[in-house]
Structures are given as C-alpha cells and as structure tokens.
Asks: 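Before I ask anything, let me first share the structure, which is written out below as structure tokens.
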Amino acid sequence: MDKVVAFFKNAWFRRGVALACYGYTAFLVWVAWLCLGFFFALENPTPLFVLYLFVNIAAMGLMIFTRKQLITQINTFLIPIVVLVLMIFGFGHWFIIVPPMVVMVVVFFTARSNETLKTVFGTLYLLFFVIGVAAYIAINMFIGSFSFTDVDLTKRDLSYEYVSETGDYRIVRYLQESGMRKTVSYYVETTTEDVNIPLGVCKKVIGCKHLHTAEYEVLNNGLVQWRTESEGGETKDIPYVEGIRRENPYLIKPLEEDD
C-alpha cells in the first residue's frame with residue numbers, strides 16, 4: 001500500500017498526468033470547432049451528455065490532483081480562452097457549454113498559481129466573457145440571427161435530407177416564414193467531412209453551397225433531384241431543380257481557375 005501511495009505522490013507521475021490534461025484542452029478546442037460549423041444529429045442525447053459530463057468531471061479531478069504542478073497552472077490559464085470561444089460558437093447549447101465552464105472555474109481557483117496573477121487574469125477573463133456575451137446578444141437583437149455557417153440551423157427541416165447516389169453530397173432545406181410569405185431554400189453539403197461521434201453524427205454545414213430558393217404554399221419533396229452523369233470519363237453528381245439541370249456548386253471552379 002505504501003508503494004502505491006508513493007507512486008501517486010511521485011512528482012514525475014503527477015507531471016505526466018498534468019501533461020495528459022492538455023488532451024482535455026484539445027478536446028474542448030475540437031468541440032468548439034464542431035459547434036462552429038456542424039449540425040448535431042443525435043440518436044439519443046441523454047447517454048451522450050452523460051459521457052460528456054463524465055469526461056469533464058474526470059478532467060477536473062485530474063487537474064485538481066495535479067494543481068501544484070506548473071504544467072497544470074499554465075493549463076488553467078488556457079482553458080478560459082477555449083471555453084470563451086466554445087461559448088460564442090455554441091451559444092444556446094448550454095448542455096455543451098456549462099460542464100467545461102464549471103471545470104474552468106473550479107480548476108482556476110484550486111490551482112496553486114500566483115494569487116496576483118490569478119486576480120489579473122481572472123478579471124480579464126471575466127471582462128472578456130461579459131463583453132463576448134453582450135456583443136453576441138446585441139448582434140442578434142439589432143441585426144438578426146447571427147450564424148458562422150451563413151444559415152440559421154433552427155430553420156433546418158429535419159424531415160428532409162437528400163443524399164446523392166455516390167453518397168458524397170446531400171441536399172438539405174431550410175424553411176422560413178415571414179407573415180404570409182413562406183420560403184424554402186435548398187443547400188448542398190458534403191458528406192465526406194462529417195464527424196461521427198458516439199450515438200450520433202456531426203454534419204458539416206460551414207461552407208455549404210446555396211442551390212435554390214423559392215416561395216411555396218405546399219412543400220414539394222420532389223422539387224430537387226440528384227442524377228449521376230458522366231463528363232470526360234468522370235462520374236459527377238448533378239442536381240436538378242424542377243427538371244432543369246443545375247451545376248453542382250462544389251464542382252464549379254472559381255473564376256481565377258478558368259484561365
């Protein structure tokens with residue numbers, strides 16, 4: 001038993017654990033990236049949230065365990081920056097934001113850092129959070145719904161998704177109502193950069209290409225179709241709107257490449 005206790009008290013073991021905790025910081029960066037440009041299609045959110053909560057609690061426990069290590073002390077100053085980015089990118093998804101925010105507060109105050117340094121950085125971080133939240137709310141109030149993906153994911157029609165025959169692309173639609181006017185917009189997304197997660201998939205939205213927008217009275221699921229055509233010996237997925245051929249937005253070369 002004494003050997004086990006001595007092992008856990010070993011400085012190099014604690015340094016190794018402290019270094020491993022940077023994996024949690026990297027994990028939060030990855031989650032922030034998913035919140036920035038992906039749509040979460042979850043089969044069952046509850047078990048996934050429990051798993052996410054467990055990861056955050058485990059990371060918090062390890063950083064408390066190594067709170068005297070300089071490596072952990074530096075990490076506690078990095079995590080608030082990542083959490084701020086996560087909060088801005090995933091604003092409204094509080095089940096994603098709250099757990100790392102709790103971890104951030106707990107480890108920041110438990111780490112054995114210089115108290116003056118903690119006071120200065122703590123004040124700066126608090127100011128950044130207040131300004132960030134205020135700016136985000138102001139933009140949404142005075143300019144309208146703000147999104148890094150150029151589409152309002154709350155308007156996404158979850159009952160419609162049309163994948164091309166090759167499986168490389170999908171067409172999704174967004175429904176907008178303004179008074180008596182109803183508008184449907186179709187966008188093309190790539191499927192090859194989707195991210196599989198436990199109990200779900202994160203579908204890449206950032207960089208999606210607009211295909212067609214029209215007013216409607218009754219939704220027509222057959223308005224848009226995929227067809228596979230061969231051009232120059234290469235098979236391509238081509239979208240058709242009301243039977244009219246449209247170029248796949250992802251296959252259109254920029255003007256500077258046409259020279």
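Please read all numbers here as calculations on a predicted model, not as lab measurements. All residue numbers in this chain count up from 1 along the given sequence.
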Asks: Do other residues, nucleotides or ligands put more than 12 heavy atoms under 6.0 Å from the CZ atom of F54?
Replies: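 Incorrect, the count does not exceed 12.
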Asks: For the residue pair N75 and C21, what are the closest heavy atoms and their distance?
Replies: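 For N75 versus C21, the nearest heavy atoms are ND2-O, 3.5 Å.
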Asks: Taking a hydrophobic cluster as the set of Ile, Leu, Val, Met, Phe, Trp and Tyr residues connected by side-chain heavy atoms closer than 4.5 Å, whether directly or through intermediates, do L117 and V105 fall within one such cluster?
Replies: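 Linked, L117 and V105 end up in one cluster.
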Asks: Do any N or O atoms from the side chain of Y162 and from the backbone of W226 form a donor-acceptor pair under 3.5 angstrom?
Replies: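 Side chain of Y162 to backbone of W226: a pair is present.
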Asks: Apply side-chain contact (heavy atoms from CB on, under 4.5 Å) to the pair L223 and E242, showing each step before the final yes or no.
Replies: CA-CA 5 Å; L223 179 69; E242 295 183 320; 2.9 Å; yes
Asks: Considering residues at least two apart in sequence or located in another chain, which fulfil the salt bridge (charged side-chain N to carboxylate O under 4.0 Å, His left out) criterion with E161?
Replies: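 Scan of E161 (salt bridge (charged side-chain N to carboxylate O under 4.0 Å, His left out), adjacent residues dropped) gives K203.
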Asks: With sequence neighbours excluded, tell me which residues meet side chain to side chain donor-acceptor pair (under 3.5 Å) with H93.
Replies: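 If we apply the side chain to side chain donor-acceptor pair (under 3.5 Å) test to H93, skipping adjacent residues, there are no hits.
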Asks: Does the K209 side chain pair with the main chain of T190, one donor and one acceptor, at a distance under 3.5 Å?
Replies: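 No; judged by distance alone, with no hydrogens or angles, the pair does not exist.
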Asks: Is it true that T166 and D237 share a donor-acceptor pair across their side chains at a distance under 3.5 Å?
Replies: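 Yes.
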Asks: So which pairs with a foot in residues 180-200 pass salt bridge (Lys or Arg N to Asp or Glu O under 4.0 Å), sequence neighbours left out?
Replies: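 Listed once each, the pairs are R156-E189, R170-E189, R170-D194, R181-E215, E193-K204.
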Asks: To check you understand the geometry: which heavy-atom pair defines the closest contact between R246 and L211, and what is its length?
Replies: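 So the minimum-distance heavy-atom pair works out to NH1-O, 3.3 Å.
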Asks: Looking at Q73 and K68, would you say the former's side chain and the latter's main chain have a donor-acceptor pair under 3.5 Å?
Replies: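 Checked: pair present.
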Asks: Test side-chain contact (heavy atoms from CB on, under 4.5 Å) on L48 and N44 and set out the steps.
Replies: CA-CA 7 Å; L48 182 59; N44 193 341; over 6 Å; no
Asks: Side chains of N56 and Y24: do they bring a donor and an acceptor to under 3.5 Å?
Replies: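 The criterion, which ignores hydrogens and geometry beyond distance, is satisfied for Y24 and N56.
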Asks: Nearest 0.5 Å, please: how far is CG in L219 from CG in N221?
Replies: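 That separation rounds to 7.0 Å.
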Asks: Are V106 and V55 grouped together when hydrophobic residues (ILVMFWY) are joined by side-chain heavy atoms under 4.5 angstrom apart?
Replies: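 Cluster IDs for V106 and V55 match.
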Asks: Which label fits F121 and F77: parallel for a plane angle under 30°, tilted from 30 to 60°, or perpendicular past 60°?
Replies: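 Correct class here is tilted.
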Asks: More than 12 heavy atoms of other residues, nucleotides or ligands under 6.0 Å from CZ of F128: is that the case?
Replies: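 Atom CZ in F128 is not packed in, count stays at 12 or less.
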Asks: For the residue pair T191 and D168, confirm or rule out a side-chain donor-acceptor distance under 3.5 Å.
Replies: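 There is no such pair (donor and acceptor under 3.5 Å, judged by atom type) between the side chains of T191 and D168.
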Asks: Measure the acute angle between the ring planes of F49 and Y52, then classify it against the limits of 30° and 60° as parallel, tilted or perpendicular.
Replies: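 Tilted, since the angle between the ring planes falls between 30° and 60°.
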Asks: Quick one: do Y160 and Y186 satisfy ring-ring contact (aromatic ring centres under 6.0 Å, His included)? Show the steps, please.
Replies: CA-CA 10 Å; Y160 181 92; Y186 292 88; 5.8 Å; yes
Asks: In terms of hydrophobic clustering (I, L, V, M, F, W, Y; side-chain heavy atoms under 4.5 Å; direct or indirect links), are F108 and I74 co-clustered?
Replies: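 The answer is no; the residues belong to distinct hydrophobic clusters.
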Asks: Counting only N and O atoms by type, is there a donor-acceptor contact under 3.5 Å from the side chain of K118 to the main-chain atoms of F109?
Replies: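 Flag set: sc K118 to bb F109 pair under 3.5 Å.
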Asks: Could you give me the CA-CA distance, side-chain angles and deciding distance for F40 and C35, then say whether side-chain contact (heavy atoms from CB on, under 4.5 Å) is met?
Replies: CA-CA 8 Å; F40 291 78; C35 290; 4.3 Å; yes
Asks: Taking Y22 for its side chain and T72 for its backbone only, find out whether a donor-acceptor pair lies under 3.5 Å.
Replies: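 No, the answer is negative, given that no donor and acceptor are paired below the 3.5 Å cut-off.
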Asks: Same cluster for V195 and I206 if Ile/Leu/Val/Met/Phe/Trp/Tyr side chains link at under 4.5 Å?
Replies: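 Looking at the clustering, I206 is in the same group as V195.
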Asks: Can you measure from CE (M104) to CG (L84) and round to the nearest 0.5 angstrom?
Replies: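 Taking CE in M104 and CG in L84, the distance rounds to 9.0 Å.
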